[in-house]
Asks: 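Could you have a look at this structure, given as structure tokens, before my questions?
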Protein chains: 2
Amino acid sequence: MLNYSTSEENHIKAIFHLQKQDGTVTTNELANELNTKPASITDMMKKLKAKKLVNYQPYQGFRLTNDGNKVALGIIRRHRLWEYFLAEKLKFSWDEVHEVAEDLEHVSNKKLVDKLDEYLGFPRVDPHGDPIPDANGKIETTKKICLTDLPVNTPATVSSVSDQSSEILELLEHKKISIGTKLEIRKKFEFDHSMEIKIRQQAAFNISGQLAKNIFVKYGS
Amino acid sequence: MLNYSTSEENHIKAIFHLQKQDGTVTTNELANELNTKPASITDMMKKLKAKKLVNYQPYQGFRLTNDGNKVALGIIRRHRLWEYFLAEKLKFSWDEVHEVAEDLEHVSNKKLVDKLDEYLGFPRVDPHGDPIPDANGKIETTKKICLTDLPVNTPATVSSVSDQSSEILELLEHKKISIGTKLEIRKKFEFDHSMEIKIRQQAAFNISGQLAKNIFVKYGS
DNA sequence: GAAATTATTTAGTTTTGTCTAAAAATATTT
DNA sequence: AAATATTTTTAGACAAAACTAAATAATTTC
Ligand SMILES: [Mn+2]
Ligand SMILES: [Mn+2]
Ligand SMILES: [Mn+2]
Ligand SMILES: [Mn+2]
């Protein structure tokens, strides 16, 4: 497999994440995501198209080709493995790992990554609960349910968290919620979208709609 | 401390290594070391001079300033810590670590490096026996003696190896010589600079002058 | 459906890091 | 001390990755 520049990789990864939601990605969306200007995106898309990593017709938006997708999964694999390493081995906290992994992910030595994976015991998810692609680019795709969409009185388990700030970490630690926590919603309040949730034997307590929006669960306990 | 580009870092590191031997480094030497052209070196030296990392007057060669030296030690610290990590934790062999560390050394996040150091147990030397600078840039400077310069019948301990090829590794493993091995020279042969050495209780055996040239020792056992 | 607005692309620059070819400085021979 | 050879620098070019400003296409509004 060929090697790509850091800039190319950052573009590919951003398209991958954006097209999850949108299907096809627009120039402005990507420019916004990468804190760059639309003109720069057009330039890069021409380049990635020439390398057959994106499908792109002027004014039509773009999406990754199969090859582009494979490249993206490689980058995401490296990113999440390093995040896991930083949290698990170096004891970085949850909100600090992303930034460092942004640099480490661009060291794309296959043997390094596969040995790191093995050393870490082939972890399935990163510290934020996001799945880690395996050496073949296979990634778990259990659809995650936003806590705001979970029905009342239905057992569920926290699977991931979308915001990665130290502020949300502080709040989650205070509420004793982390990935793997089993919970049920007792009551939802329409007015401010806050809700009352219950964890095991503990008394039910309240969380804001804003917090709930950033927590994802899967059914079952 | 400021951040430098990968190219700047590679130049700084190369000057550091070359000036160990030469005192002052020339344009051609550095171009040769970095597989680049003399004209490119001149350009970079102007830049590093402007950043006060090298002392340089046209046609006079160059050497690192105090600041340049500190930057170099930071790079070498990262390089050797990653080499140790790769060998010790990921079970890379001795001859494979350098190449991978060449990339990892440019991820210059202070907290990452210091936590890695701690995680590794503050190792003093890398897999090739070269000393690892501490967080303050302090580096052990025990003068290493080339095995060819060790007097006969004088107890010594292998401290480092300069060549890092898989070929020398194979030979050293076969001869059961590694860093920390205690040995004595029994006889030196002028003709081809080969020598007979003795390790502990084992029978004395012969090594070539070429091999001896790449082994460094310190006095004592 | 024309006008206004927004999104995207094009054209032309800039910075970084490299290169080649030519000029200039320095070192080595005779 | 010339002549020759070597080393280093300068000048000019190029590719990558970004930018600004202007032009053009697409979309939305009236
Ligand atoms: Mn991340
Ligand atoms: Mn993550
Ligand atoms: Mn090395
Ligand atoms: Mn080393």
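So you know, we letter chains A, B, ... as the sequences are listed, proteins then strands, and number each from 1.
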Asks: Partners of A:Asp95 by side chain to side chain donor-acceptor pair (under 3.5 Å), sequence neighbours excluded?
Replies: A:Ser93
Asks: Output the residues of residues 31-46 of chain B in contact with DNA chain D, where contact means a heavy atom of the residue under 4.0 Å from an atom of the strand; sort by number or write none.
Replies: B:Pro38, B:Ala39, B:Thr42, B:Lys46
Asks: Between D:dT8 atom P and B:Lys49 atom NZ, what is the distance in whole Å?
Replies: 16 Å
Asks: Who are the side chain to side chain donor-acceptor pair (under 3.5 Å) partners of A:Lys37, not counting sequence neighbours?
Replies: none
Asks: If we only count heavy atoms from C-beta on, is the A:Val97 to A:His128 side-chain gap below 4.5 Å?
Replies: yes
Asks: For atom NZ of A:Lys70, decide whether the heavy atoms of other residues, nucleotides or ligands shown that lie under 6.0 angstrom number more than 12.
Replies: no
Asks: Any chance you could list the contact pattern along nucleotides 23-29 of chain C? Use B for base contacts, S for sugar-phosphate-only contacts and - for none, protein heavy atoms under 4.0 Å, 5' to 3'.
Replies: --SS---
Asks: Look at the side-chain N and O atoms of B:Asn28 and state whether any lies under 4.0 Å from the OP1 or OP2 oxygen of D:dT8.
Replies: yes
Asks: May I ask you to test the A:Leu48-A:Phe62 pair for a side-chain heavy-atom distance under 4.5 Å?
Replies: no
Asks: Specify the residues of residues 5-19 of chain A, ordered by number, for which at least one heavy atom lies under 4.0 angstrom from an atom of DNA chain D.
Replies: A:Ser5, A:Ser7, A:His11
Asks: Is the cationic atom of A:Lys51 (NZ for Lys, CZ for Arg) positioned less than 6.0 Å from the six-membered ring centroid of A:Tyr4 and within 45 degrees of its normal?
Replies: no
Asks: Report the distance from atom OH of A:Tyr4 to atom C1' of D:dA16, rounded to the nearest whole Å.
Replies: 16 Å
Asks: Angle class for the A:Trp82/B:Phe85 ring planes (parallel below 30°, perpendicular above 60°, tilted otherwise)?
Replies: tilted
Asks: Less than 4.5 Å apart, any side-chain heavy atom of A:Met44 and any of A:Thr36?
Replies: no
Asks: For A:Asn109, which residues count as a side chain to side chain donor-acceptor pair (under 3.5 Å) partner, sequence neighbours excluded?
Replies: none
Asks: Using OP1 and OP2 only, check whether a side-chain N or O of B:Tyr56 sits under 4.0 Å from D:dT9.
Replies: yes
Asks: Give a yes-or-no answer on whether the side chains of B:Asn55 and B:Thr65 include a donor-acceptor pair shorter than 3.5 Å.
Replies: no
